[in-house]
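Residue numbers start from 1 in every chain, and the chains themselves are labelled A, B, ... in the order their sequence lines are given, proteins ahead of strands.
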Amino acid sequence: RKEVEQDPGPFNVPEGATVAFNCTYSNSASQSFFWYRQDCRKEPKLLMSVYSSGNEDGRFTAQLNRASQYISLLIRDSKLSDSATYLCVVAPYNTDKLIFGTGTRLQVFP
Amino acid sequence: EAGVAQSPRYKIIEKRQSVAFWCNPISGHATLYWYQQILGQGPKLLIQFQNNGVVDDSQLPKDRFSAERLKGVDSTLKIQPAKLEDSAVYLCASSFSGGHPETQYFGPGTRLLVL
């Protein structure tokens, strides 16, 4: 079983739509959780950290369910510029090693 | 502030040849990471340095891959000899210090194609 699992997509949605991505992780001792964004042929960039209480940054909302070992990312009012691959990332306890999922590709169309 | 620099940006070699990649981290960053990203997959950590010491190289294929960071700043990653399955993007990242995974900054990567 992969340490971090994501649906690779692609998710094709119209502008203005709401889209949600899910991710599961296998190591219950994982400590830190993130969503990274990776544009085509570019490096990954941190989108947001994910906290147990849930957190929101503009149109983006991330949630963590430790009991189910499940992380989600919700994007509201999708923009064309949101088209990218979204990587679910987990850091094990007491390390700064990042374990990446395969990524979920989002394509927003006009 | 300058970001993480990597060179070359692209490299095409034949299998069994050798290749080296260079990384210059953000100034003052003590921790440096090399990741391998195969097409359609997420990055996978190959090796982590803290200054010039190795913290984690558990996923580095040591029979063909080597890395060094002799003066605790720049780093090189070498593959010798290369195999077809080494075709990937090699990403370098750095952070100010260990223990803060959210502070890793990635370079643009070196895209390797092995023929």
Residue part contacting chain B, namely of A:Pro8, when any heavy atom lies under 4.5 Å: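 Neither part.
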Interchain contact, A:Arg105 with chain B, by part (heavy-atom threshold 4.5 Å): neither
B:Asp74 and B:Arg69: which non-hydrogen atoms are nearest, and at how many Å? O-CG, 3.2 Å
Any side-chain donor paired with an acceptor under 3.5 Å for B:Tyr33 and B:Ser95?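 Side chains of B:Tyr33 and B:Ser95: pair found under 3.5 Å.
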Verify whether one side chain among A:Thr104 and A:Gln6 offers a donor that lies under 3.5 Å from an acceptor in the other. yes
Side chain / backbone / both / neither for B:Tyr105 at chain A, heavy atoms under 4.5 Å: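 No part of it gets close to chain A.
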Does any backbone or side-chain atom of B:Gln6 lie under 4.5 Å from a heavy atom of chain A? Answer side chain, backbone, both or neither. neither
Electrostatic pair B:Asp86-B:Lys15, nearest N-O below 4.0 angstrom: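 Result for this pair is no, no salt bridge flagged.
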